[in-house]
> 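Following this message is one structure expressed as structure tokens.
Computed from a predicted model, the values in this text were never measured in an experiment. Counting starts at 1 for both ligands and their atoms, following the listed order.
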Amino acid sequence: MGLLLEGRKILITGAGQGIGRGIVEAVSEAGADVALIDLRMEPLQETAQGVEENGRTALCLVADVTDRQAVDGAVERMIGEFGRIDGLVSNAGIVEMAPALDITGDSWDKHFAVNVRGLMQCCQSAARQMIAAGTHGAIVNIASNAGKVGYQNMAAYNASKAAVINVTRNLSAEWAEHGINVNALCPGGVDTPMLGAVAEWIGKRIGMDPQELLDGMKPQQMDRKIQPIEIGRVVAFLLSDDARIIRGQSVNADGGDTPY
Ligand code: NAD
């Protein structure tokens, strides 16, 4: 049997660290060449080293997903380099912790600018190219189980991730006729710099050692934290032809914490 994504050309946003880097690792391990987007070149180049170790090609592209022109430009450069785009993983995201009463308008807007509008712009830009070329492709949007569960002190984040879950249903229905399969993935706590920053914030607030908090951020049904590469392997499956009957879903990858 060949590799799951042999020869596919996949674009991954937020690829400079954390879950994005784990996705790049898993997708290139599964045989894909990858275009990587993040805000700075240096972390992208570090991620790209792992791709080369897997014998695949990485194209590093600095772009802010909230900048429509920059996103379109990055996708065009990818097409110029690889000839086509078969898949997108819209993973770039942010969280700013705050009690609901203290969330500023700016912080609310920033969550929606990056996590929803930025994600949507990447989906539009990738889908336009796939539709123009007649490519049957796949999109995986990285939501969160926070889009289903009302975690405290992250109302703006929760709301933005719920929006990702629903826009995914919409895109799945609208783009099915073009052969594009769109799903969302909902990780629980994953061992990344973002989770470290969350632990730091909570630790300060409740007077607890952030490292101790972080160490305890494990799924109830597992005795360890979820690693980015594990999220990456689920994403690789959702990008593959084997996942064609899974459509418009918000698939939990949270070690069993969320039962719906
Ligand atoms: P992270 O903060 O460790 O990494 C996010 C990456 O996205 C960074 O490299 C950052 O530079 C990049 N990024 C942020 N804004 C960007 C923008 N405007 N344009 C381009 N790149 C941008 O986060 P992570 O933990 O790896 O999370 C990745 C995704 O997974 C996010 O969407 C996050 O909401 C989601 N998620 C994370 C967890 C978790 O526990 N870590 C759980 C559920 C969902």
> Could you see if M78 belongs to whatever hydrophobic cluster contains V65? Use Ile, Leu, Val, Met, Phe, Trp, Tyr and a side-chain cutoff under 4.5 Å.
yes
> Could you find the nearest protein heavy atom to atom 19 (N) of ligand 1 and give me its residue, atom name and distance?
V65 N, 3.0 Å
> With no hydrogens and no angle check, is any side-chain donor or acceptor of N153 less than 3.5 Å from a backbone partner on M97?
no
> May I ask whether A113 places a heavy atom under 4.0 Å from ligand 1?
no
> Apply salt bridge (Lys or Arg N to Asp or Glu O under 4.0 Å) to K9 and D86, showing your working.
CA-CA 5 Å; K9 315 296 178 193; D86 298 301; over 6 Å; no
> Nearest heavy-atom pair of S172 and R247: which atoms, and what distance?
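S172 and R247 have their closest heavy atoms at OG-C, 3.7 Å.
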> Around atom CG of D223, are there more than 12 heavy atoms of other residues, nucleotides or ligands at under 6.0 Å?
no
> So is D38 in contact with ligand 1, going by heavy-atom distances below 4.0 Å?
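The answer is yes: ligand 1 sits under 4.0 Å from a heavy atom of D38.
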> Evaluating non-hydrogen atoms only, which member of D254, T66, T192, D64 is closest to atom 24 (P) of ligand 1?
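Minimum heavy-atom distance to atom 24 (P) of ligand 1 goes to T192.
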> Which pair of non-hydrogen atoms, one from P228 and one from I19, has the smallest distance, and what is that distance?
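Minimum heavy-atom contact is CB-CA, 3.9 Å.
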> Can you name the atoms of ligand 1, numbered from 1 with element, that are less than 4.0 Å from a heavy atom of L195?
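Matching atoms, with element in brackets: 40 (O).
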> Report, in ascending order of atom number, the atoms of ligand 1 lying under 4.0 Å from any heavy atom of P193.
3 (O)
> Taking all non-hydrogen atoms of both residues, which atom of L44 and which atom of I37 are closest, and how far apart?
CD2-C, 3.9 Å
> Please tell me whether N252 and T258 have a donor and an acceptor in their side chains that are separated by less than 3.5 angstrom.
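T258 and N252 do not have a side-chain donor-acceptor pair below 3.5 Å.
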> Considering only protein heavy atoms, which is closest to atom 22 (C) of ligand 1, and at what distance to one decimal place?
A92 CB, 3.7 Å
> Could you see which bit of P43 sits under 4.0 Å from ligand 1, with heavy atoms only: side chain, backbone, both or neither?
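The answer is neither; P43 stays 4.0 Å or more away.
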> Judged on heavy-atom distance to atom 37 (C) of ligand 1, which of V190, I19, N91 sits nearest?
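Of the listed residues, I19 has the closest heavy atom.
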> In the protein, what heavy atom is nearest to atom 34 (O) of ligand 1, and what distance, to one decimal place, separates them?
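Going by distance alone, atom 34 (O) of ligand 1 is nearest to Y157 OH, 2.6 Å.
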> Taking the basic N atoms (NZ, or NE/NH1/NH2) and the acidic carboxylate oxygens, is any pair closer than 4.0 Å for D241 and R8?
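Answer for the salt bridge query: yes.
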> Give me the residue, atom name and distance of the protein heavy atom closest to atom 23 (O) of ligand 1.
M194 CB, 3.3 Å
> Tell me, which protein residue and heavy-atom name are nearest atom 1 (P) of ligand 1, and how many Å apart are they?
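That would be Q17 NE2, 3.3 Å.
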> Non-hydrogen atoms of G189 versus ligand 1: any pair closer than 4.0 Å?
yes
> Show the atoms of ligand 1 that are less than 4.0 angstrom away from any heavy atom in A63.
19 (N), 20 (C)
> Closest approach of L238 and A138, non-hydrogen atoms and distance?
O-CB, 4.2 Å
> Look at atom 7 (O) of ligand 1 and say which protein heavy atom is nearest, naming residue and atom and giving the distance to 0.1 Å.
G14 CA, 3.4 Å
> Name the option, out of I142, I226, L39, that contains the heavy atom nearest to atom 30 (O) of ligand 1.
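Ranked by closest heavy atom to atom 30 (O) of ligand 1, first place is I142.
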> Considering A253, G93, G22, G18 one by one, which has a heavy atom nearer to atom 5 (C) of ligand 1 than any of the others?
G93
> Answer yes or no: does atom CD of E6 have more than 12 heavy-atom neighbours from other residues, nucleotides or ligands under 6.0 Å?
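Yes, enclosed.
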> With a 4.0 Å heavy-atom cut-off (strictly under), which part of R40 contacts ligand 1: side chain, backbone, both or neither?
neither
> Does ligand 1 have any atom sitting under 4.0 Å from a heavy atom of M217?
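False for this residue.
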> Considering the heavy atoms of G188, write down every atom of ligand 1 situated less than 4.0 Å from one of them.
38 (C), 39 (C), 40 (O), 42 (C), 43 (C)
> Does one side chain, of T66 or D64, offer a donor that lies under 3.5 Å from an acceptor on the other?
yes
> Give the minimum heavy-atom separation between I94 and H111, together with the two atoms involved.
O-CD2, 3.7 Å
> With a 4.0 Å cut-off on heavy atoms, is A143 touching ligand 1?
yes
